[in-house]
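Written below as structure tokens is the structure these notes are about.
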Amino acid sequence: MPRRIEGKFDGSGLKIAIVASRFNSFVVDHLVEGALDVLVRHGVEDEDITVYKCPGAWELPAVTARVLANDGADAVLALGAVIRGGTPHFEYVCAEATKGLATLTMDSKVPLGFGLLTCDTIEQAIERSGTKAGNLGSTAALSALEMVDLYRAVAEGGRER
């Protein structure tokens, strides 16, 4: 039977950074609240969480890159919301922000929790920030906690933890 290695959700002793966009703050603030709730419930101390605010989703990759390089966090969450409008601007912002964050994820030794909503309507964004469809901030935080532990297990040669 093969060994099965999975990350655990223990945030004790971890330092977490959150990079959140201010644009569409009526949605993003709920993503941040969801992430904070999950982190604290899983043992991360308030004083070990830093929230960096950037203007919008376009800036998320640039600020996240600098946080990854300089903050010393065990994991970083990138939270934002882009809502489709009447111009192609939506596609460009979503594609480039997602591509930038994906590149950081592959290049970093620190896990990156992806919490960028890309929605067609305001209603969809509201649903995904804490109402009917859950909270992407919470999901990103859980994923980041699990990945910290999984990265450590991999670094230890797949030793069960």
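Checking side-chain atoms of Asn70 against main-chain N and O of Arg66 turns up a donor-acceptor pair under 3.5 Å. Remark: the backbone N or O of Gly56 is paired with a side-chain donor or acceptor of Glu59 at under 3.5 angstrom. Of the possible polar contacts, one joining the Asn24 side chain to the Ala81 backbone as a donor-acceptor pair under 3.5 Å is found. Under a 3.5 Å cut-off, the side chain of Thr118 and the backbone N or O of Cys94 do not form any donor-acceptor pair. Judged by distance alone, the side chain of Thr139 and the main-chain N or O of Asn135 form a donor-acceptor pair under 3.5 Å. In this structure, Thr121 contributes its side chain and Gln124 its backbone to a donor-acceptor pair below 3.5 Å. In this structure, the side chain of Lys15 engages the main chain of Asp71 through a donor-acceptor pair within 3.5 Å.
With contacts defined as side-chain heavy-atom distances shorter than 4.5 Å, the pair Glu96/Trp58 qualifies. Between Leu31 and Arg128 there is no side-chain heavy-atom pair separated by less than 4.5 Å. Looking at Val76 and Val19, their side chains come closer than 4.5 Å, going by heavy atoms from C-beta outward. When side chains are defined from C-beta on, Thr105 does not count as touching Phe114, because their heavy atoms never get closer than 4.5 Å. Between His89 and Glu91, the closest side-chain pair of non-hydrogen atoms is not below 4.5 Å.
A continuous path of ILVMFWY side-chain contacts below 4.5 Å connects Phe26 to Leu36, so both sit in one hydrophobic cluster. The cluster map of Ile, Leu, Val, Met, Phe, Trp and Tyr, joined by side-chain heavy atoms under 4.5 Å apart, puts Phe90 and Leu116 in the same cluster. One hydrophobic cluster, built from ILVMFWY side chains closer than 4.5 Å, holds both Val40 and Leu136. Grouping the Ile, Leu, Val, Met, Phe, Trp and Tyr side chains by contacts below 4.5 angstrom, directly or via other members, places Ile18 apart from Val67. Cluster membership for Val44 and Leu79, using ILVMFWY side-chain heavy atoms within less than 4.5 angstrom, is shared.
The two atoms that bring Pro111 and Ala144 nearest to each other are CB-O, 4.3 Å, heavy atoms only. Across every non-hydrogen atom of Val38 and Ser138, the tightest pair is CG2-CB, 3.6 Å. The minimum heavy-atom distance between Ala57 and Ala97, with the atom names listed, is O-CB, 3.5 Å.
Of the candidates Val27, Val82, Ile126, Val27 is the only one forming a side chain to side chain contact (heavy atoms under 4.5 Å, CB included) with Leu117.
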Determine, stepwise, if the pair Arg152 / Asp74 fulfils salt bridge (charged side-chain N to carboxylate O under 4.0 Å, His left out).
CA-CA 11 Å; Arg152 289 178 177 170; Asp74 295 297; 3.4 Å; yes
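Taking CG of Asp10 as the start and CG of Asp149 as the end, the distance is 7.5 Å to the nearest 0.5 Å. Atom CD1 of Ile83 is separated from atom SG of Cys119 by 6.5 Å, given to the nearest 0.5 angstrom. Put simply, OG on Ser21 and NZ on Lys53 are 7.5 Å apart, with the number rounded to the nearest 0.5 Å.
Remark: Phe23 CZ is loosely packed, at most 12 non-hydrogen atoms of other residues, nucleotides or ligands lying under 6.0 Å away.
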